[in-house]
Amino acid sequence: MESRKVIFCVTALLVLANLLSVTFFDLEGMRNVRLISSVSFLVLFVFFKGYKNIFLLLGLVGLVCADFFIHFFETLYYARLVLISRGLAAICVCLDVLPKIIRLKYSVSTILVLFVVALLHVFLLFKLLSLTEIALKDPSLTAVALFNGGLQIFLTILAFMYSYGYSTVKARYYLFFVYGIAISNILTSAGYFLSLDFVFYISRPLYVLGLGSMVVYSVAEFKIIKPLEI
C-alpha cells in the first residue's frame with residue numbers, strides 16, 4: 001500500500017508538471033518534461049521492483065528511449081528510432097502477459113468481438129496515417145509506422161483479453177496503462193502534425209497516468225484470482 005501511495009503522489013505531481021509545460025513551455029520544453037516523467041517512473045520501478053520483472057523493465061526503458069529520441073523527431077533517422085523504440089516496448093509489454101492470455105479459454109462470440117476490435121484498430125491506424133504527414137515523409141518511415149501500429153494493435157487486444165478474462169484490479173491497471181499510453185501517442189501525433197495544441201492538454205496527462213498505472217500494476221500486491229472462461 002505504501003508503494004502505491006508514493007506512485008500516486010508522484011503521478012499527480014507529474015500530471016501537474018505536464019499540464020504546466022503545455023501552458024508555459026514550447027514544444028522542446030514539453031518534450032523535456034515528458035522525458036523527465038518517463039525517467040521518473042523508471043526510477044520508481046527499479047526502486048520498488050528492482051530487476052525482477054525484466055519484460056516490463058525493458059518496456060519502460062524502450063519508452064524512455066522513445067521520449068529521448070523524440071527531441072529530434074524532425075530528423076527522419078530519429079523519427080524511425082522513436083517508432084522502433086515504442087514497438088520494442090510494446091513487444092516487451094506483450095511478453096509480460098502472453099503466458100496468462102494463453103491459459104484463457106475462448107468462446108466463439110469472444111473471438112468475433114476481438115476480430116471486430118482488431119478491424120477497428122486497423123482502420124484507425126490507417127486513418128491516422130492519412131491525417132498526418134508520416135506517409136508523405138519517407139516510405140521506410142511509413143513501413144516502421146505500420147509495424148509499430150500493428151504491434152500496438154496486438155498489445156491493446158491482449159490488454160482487453162487480459163482484463164476481461166481475469167477481471168481483477170491488477171488486470172484493469174494493465175488495461176489502463178496500455179490504452180492510456182496508446183491513446184496518448186495517437187493524440188500527440190494528431191496534435192503535432194495537425195497543429196492542434198489543445199490536444200496536448202489531454203495527451204500529456206494521459207501518458208503520465210498510463211505510466212503510473214504501469215508501475216502500480218508492476219509493484220503493487222493484488223489478490224490472485226483464477227481466470228474466467230471467455
Side-chain angles (χ1 to χ4, degrees), residues 1-22 25 27-71 73 81-97 148 151-152 155-156 158-159 162-163 169-189 191 200-222:
M1 181 61 71
E2 197 63 35
S3 61
R4 233 183 292 191
K5 288 181 180 179
V6 173
I7 297 167
F8 288 160
C9 290
V10 172
T11 301
L13 289 173
L14 290 174
V15 166
L16 178 61
N18 277 267
L19 287 173
L20 291 174
S21 74
V22 176
F25 294 168
L27 183 61
E28 184 67 19
M30 290 165 55
R31 286 173 173 175
N32 286 332
V33 175
R34 180 186 174 107
L35 177 60
I36 291 171
S37 300
S38 56
V39 170
S40 299
F41 284 115
L42 177 60
V43 172
L44 277 178
F45 182 94
V46 174
F47 179 78
F48 286 117
K49 193 73 175 178
Y51 304 96
K52 295 178 182 178
N53 192 327
I54 190 65
F55 289 132
L56 287 183
L57 177 60
L58 290 175
L60 265 175
V61 170
L63 292 175
V64 170
C65 290
D67 289 343
F68 173 75
F69 293 138
I70 206 171
H71 283 76
F73 189 77
L81 286 179
V82 170
L83 296 174
I84 291 172
S85 297
R86 288 178 179 173
L88 293 175
I91 291 174
C92 292
V93 173
C94 285
L95 291 175
D96 180 67
V97 298
N148 175 66
L151 288 173
Q152 299 298 331
L155 176 57
T156 53
L158 279 187
Y162 177 50
S163 177
V169 175
K170 183 180 179 72
R172 284 192 285 272
Y173 272 110
Y174 185 90
L175 180 73
F176 188 85
F177 98 68
V178 167
Y179 274 87
I181 293 175
I183 294 172
S184 170
N185 288 334
I186 291 172
L187 292 177
T188 297
S189 297
F200 292 110
Y201 282 103
I202 304 172
S203 67
R204 287 296 191 260
L206 197 57
Y207 183 68
V208 172
L209 291 171
L211 288 175
S213 298
M214 180 182 189
V215 178
V216 172
Y217 162 81
S218 307
V219 307
E221 296 294 331
F222 298 95

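Nothing here was measured: the structure is a model prediction, and the numbers come from that model.
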Q. Got Y217 and L56 here, is their nearest side-chain heavy-atom distance under 4.5 Å?
A. yes
**Q.** Contact summary for G59 and M214, nearest pair of heavy atoms
**A.** C-CE, 4.4 Å
Q.
On a heavy-atom basis, which atom in T11 and which in G212 lie closest, and how many Å separate them?
A. OG1-CA, 3.7 Å
Q) Can you name the nearest heavy-atom pair linking P205 to V15, along with the distance? A) CB-CG1, 3.9 Å
Q. Ring pair (Phe, Tyr, Trp, His ring centres under 6.0 Å): which pairs involve residues 38-60, sequence neighbours left out?
A. none
Q.
For G62 versus S85, what's the shortest heavy-atom pair and its separation?
A. O-CB, 3.5 Å
Q: Starting at CG of N148, measure out to CD1 of I84 and round the result to the nearest 0.5 Å.
A: 9.5 Å
Q | Donor-acceptor contact present, side-chain R86 to main-chain A66, <3.5 Å | A | no
Q: Check salt bridge (charged side-chain N to carboxylate O under 4.0 Å, His left out) between R172 and all other residues, then give those that pass, not counting sequence neighbours.
A: none
Q | Test item: Y207 and S38 side chains (from C-beta on) under 4.5 Å apart, heavy atoms | A | yes
Q | salt bridge (charged side-chain N to carboxylate O under 4.0 Å, His left out) partners of residues 55-68, not counting sequence neighbours, each pair once | A | R34-D67
Q. For V93 and Y174, what are the C-alpha separation, side-chain angles and deciding distance, and is it a side-chain contact (heavy atoms from CB on, under 4.5 Å)?
A. CA-CA 10 Å; V93 173; Y174 185 90; 3.3 Å; yes
Q. Measuring from L58:CG to N53:CG, what's the distance to the nearest 0.5 Å?
A. 9.5 Å
**Q.** L19 CG to L14 CG distance, which is reported to the nearest 0.5 Å
**A.** 11.0 Å
(Q) Would you say that S184 contacts T188 through its side chain, given a criterion of any heavy-atom pair below 4.5 Å between the two side chains? (A) yes
Q: Show your working on side-chain contact (heavy atoms from CB on, under 4.5 Å) between H71 and L35 and close with a plain yes or no.
A: CA-CA 9 Å; H71 283 76; L35 177 60; 3.8 Å; yes
**Q.** Residue pair V22 / M30, side-chain heavy-atom distance below 4.5 Å
**A.** yes
Q. Hey, is the main chain of L175 close enough, under 3.5 Å, to the side chain of Y162 for a donor-acceptor pair?
A. no
Q. How close do L187 and S203 get, heavy atom to heavy atom, and via which atoms?
A. CB-CB, 3.7 Å
Q: Report the distance from atom CD of E28 to atom OG of S21, rounding to the nearest 0.5 Å.
A: 12.0 Å
Q: Just do the side-chain contact (heavy atoms from CB on, under 4.5 Å) check on L42 and L211 with the steps written out, would you?
A: CA-CA 9 Å; L42 177 60; L211 288 175; over 6 Å; no
Q) Are F8 and V216 close enough, and set up right, to give a side-chain contact (heavy atoms from CB on, under 4.5 Å), and what steps lead you there? A) CA-CA 9 Å; F8 288 160; V216 172; 3.9 Å; yes
**Q.** Exam field: side chain S213 to backbone L209, donor-acceptor pair closer than 3.5 Å
**A.** yes
Q) L57 and G50: which non-hydrogen atoms are nearest, and at how many Å? A) CD2-O, 4.5 Å
Q. Atom CG of D96 and atom OG of S218: how far apart are they, to the nearest 0.5 Å?
A. 7.0 Å
Q) Can you tell me how far the CG atom of N18 sits from the CG atom of L13, to the nearest 0.5 Å? A) 11.5 Å
